[in-house]
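Taking it in order: structure first as structure tokens, then the write-up.
Quick caveat, the model's predicted, so the values are computed rather than measured. Letters A, B, ... mirror the listed sequences (proteins, then strands); counts begin at 1.
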Number of protein chains: 2
Amino acid sequence: MQRNSIKVSMAVVRRLPKYYRYLGDLIHNDVMRISSKELGKLMGLTASQIRQDLNCFGGFGQQGYGYNVIELQKEIGSILGLSKSYNCVIVGAGNLGQAIANYEGFKREGFILKAMFDVNPRLIGNTIRDIKILDILDLGEYVKSNDIQIGIICVPKEHSQSVADTLIENNVKAIWNFAPTDVSVPDNVVIENVAISESLYTLTYLMNEDSLNI
Amino acid sequence: MQRNSIKVSMAVVRRLPKYYRYLGDLIHNDVMRISSKELGKLMGLTASQIRQDLNCFGGFGQQGYGYNVIELQKEIGSILGLSKSYNCVIVGAGNLGQAIANYEGFKREGFILKAMFDVNPRLIGNTIRDIKILDILDLGEYVKSNDIQIGIICVPKEHSQSVADTLIENNVKAIWNFAPTDVSVPDNVVIENVAISESLYTLTYLMNEDSLNI
DNA sequence: TAGATTGTTAATCGATTAACAATC
DNA sequence: TAGATTGTTAATCGATTAACAATC
């Protein structure tokens with residue numbers, strides 16, 4: 001449990017999904033226990049940092065033993081909110097929207113894709129993995145009447161903010177935005193602006209880093 | 001120019017693409033000059049941080065005036081290595097690979113997509129935006145003989161490391177990995193492991209943050 | 001010139017690492 | 001028990017913010 005409402009820093013929060021993933025891999029490889037030292041070596045973190053991170057939420061380990069992998073993964077999943085399920089819609093049924101719809105891990109972790117939306121009449125009415133593509137004009141009405149909590153935006157950047165606004169008006173609680181522009185939301189809605197190209201530009205920076213120095 | 005080989009921190013580097021994007025938007029809106037204060041308000045950063053960040057690379061501003069938007073964007077693009085062009089291949093021609101192939105900004109910023117690769121015989125031989133999908137068995141040979149610098153991995157995670165190894169053996173300099181697992185590379189190759197789902201889990205964390213506190 | 005805003009140094013804040021007593 | 005490893009406090013390191021002289 002988190003100690004007395006001390007705010008956990010975003011630096012820690014953004015490492016949690018990585019812990020979750022590595023612990024999942026360990027489970028997959030039938031590893032039952034792990035020390036902060038071993039996990040650190042695996043993930044490229046210090047043992048100290050791992051213990052600090054985990055102790056923001058509680059004492060999940062045991063002196064002299066380490067951590068029970070299954071138990072720890074379950075705890076972190078629960079902290080991340082992955083023990084719940086979420087009704088989702090994808091807005092924009094192009095390649096990226098379809099890629100996300102097809103992603104296996106999505107359903108496994110409790111994300112229930114209820115519908116997709118698009119403007120393209122050729123796509124409307126089609127089905128992707130049992131998921132119907134609906135007319136984007138019906139987005140607001142659908143979101144409102146189907147208790148959608150998460151909206152996933154895969155439309156061109158020109159339309160991302162107006163799609164977000166429609167989602168928010170109809171009580172979406174979170175937006176996962178893949179349009180290459182930052183979408184704004186009110187305080188009671190959470191947002192992740194993904195901006196995929198940023199990691200590509202970081203890559204080219206690193207490719208050229210040496211030649212930057214004088 | 002970077003002052004005497006002082007290593008720029010990754011915290012700064014990862015903000016550069018965002019500066020580049022926001023400056024591009026300003027250019028698009030015909031804004032010719034901007035102060036660190038205004039840019040900070042726009043991007044949600046302090047003016048002080050912006051000046052600190054930019055001065056890792058040089059004095060691009062002018063006292064009493066601010067920054068010339070076009071000039072600054074060009075400088076940052078150049079720092080990011082975007083003034084060069086790069087030969088790229090996409091490995092995995094499913095939805096995600098196709099989404100990236102279709103991304104407009106990709107070509108605009110000097111990323112030249114030379115070919116795509118897949119195992120699926122139904123995809124091999126097809127064409128996406130003039131780009132041929134080739135047999136993954138020919139990947140190594142193709143990469144070697146076509147001076148490919150960047151490999152983009154969009155295959156299932158089980159195959160991501162072996163694809164990376166093939167790319168590296170054939171002199172790729174950078175890997176942009178979308179498989180949901182961390183790929184390892186030697187020191188002379190740069191890697192960005194994207195792990196898209198991590199931002200989704202951060203989102204669900206933030207959705208549930210309040211209920212975590214005691 | 002006067003006002004504005006930079007570049008840069010100093011101060012503060014926060015995150016990471018180190019150390020070690022507690023304990024399984 | 002002895003060895004291992006945690007949880008946690010203290011020390012260090014790095015990043016952000018504040019302040020201000022320089023200057024356009």
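What separates CG of B:Leu45 from P of D:dT16 is a distance of 9 Å, to the nearest Å. Atom-to-atom, NZ of B:Lys7 to P of D:dA15 comes out at 11 Å; the value is rounded to the nearest Å. Whole-Å rounding puts the B:Gln49 CD to C:dT8 C1' distance at 16 Å. The CZ-P distance, from B:Phe60 to C:dT8, rounds to 12 Å in whole Å. Between the CD1 atom of B:Ile34 and the C1' atom of C:dT5 there is a distance of 13 Å, given to the nearest Å. Following rounding to the nearest Å, A:Leu54 (CG) and D:dG7 (P) show an atom-to-atom distance of 8 Å. Rounded to whole Å, the distance from CG on B:Asp53 to C1' on C:dT8 is 14 Å. At whole-Å resolution of the value, CZ in B:Phe57 and C1' in C:dG7 are 16 Å apart.
Between B:Met116 and B:Ile128 there is a side-chain heavy-atom pair separated by less than 4.5 Å. Using a 4.5 Å heavy-atom cutoff, the side chains of B:Val8 and A:Glu209 are not in contact.
Against DNA chain C, the stretch residues 9-23 of chain B makes no heavy-atom approach under 4.0 Å.
Taking CD1 of B:Ile150 as the start and CZ of B:Phe111 as the end, the distance is 5.0 Å to the nearest 0.5 Å.
Nearest nucleotide to the B:Asn55 side chain, out of C:dT17, C:dG7, D:dT16: C:dG7.
In plain terms, the two heavy atoms of A:Val155 and A:Val91 that are nearest each other are CG1-O, 3.4 Å.
Ring planes of A:Phe57 and B:Tyr205: perpendicular class, angle over 60° (limits at 30 and 60°).
Side-chain atoms of A:Asn102 and A:Gln98 include no donor-acceptor pair closer than 3.5 Å. Side-chain N/O atoms of B:Ser78 and B:Glu75 include no donor and acceptor closer than 3.5 Å. At a cut-off of 3.5 Å, with distance as the only test, no side-chain donor of B:Asn171 or B:Lys144 sits close to an acceptor on the other residue.
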What donor-acceptor contacts under 3.5 angstrom involve side-chain atoms of residues 61-71 of chain A, with partners at least two apart or in another chain?
from    : atom 1 : to      : atom 2 : distance (Å)
A:Asn68 : OD1    : A:Ile70 : N      : 3.1
A:Asn68 : OD1    : A:Glu71 : N      : 3.0

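Every residue was checked against the ring-ring contact (aromatic ring centres under 6.0 Å, His included) condition with A:Tyr22, not counting sequence neighbours, and none meets it. Residues satisfying the salt bridge (Lys or Arg N to Asp or Glu O under 4.0 Å) criterion with B:Glu198, sequence neighbours excluded, are A:Arg21.
In this structure, B:Tyr67 reaches the C:dG7 phosphate: one of its side-chain N or O atoms is under 4.0 Å from OP1 or OP2.
The strand DNA chain D forms stems, runs of 3 or more Watson-Crick or G-U wobble pairs with distances below 3.5 Å, at C:3-24 with D:3-24.
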Review point. How does protein reach along nucleotides 18-24 of chain C, written 5' to 3' as B (base within reach of a heavy atom under 4.0 Å), S (only sugar-phosphate), or - (no contact)?
Key: BBB-BBB

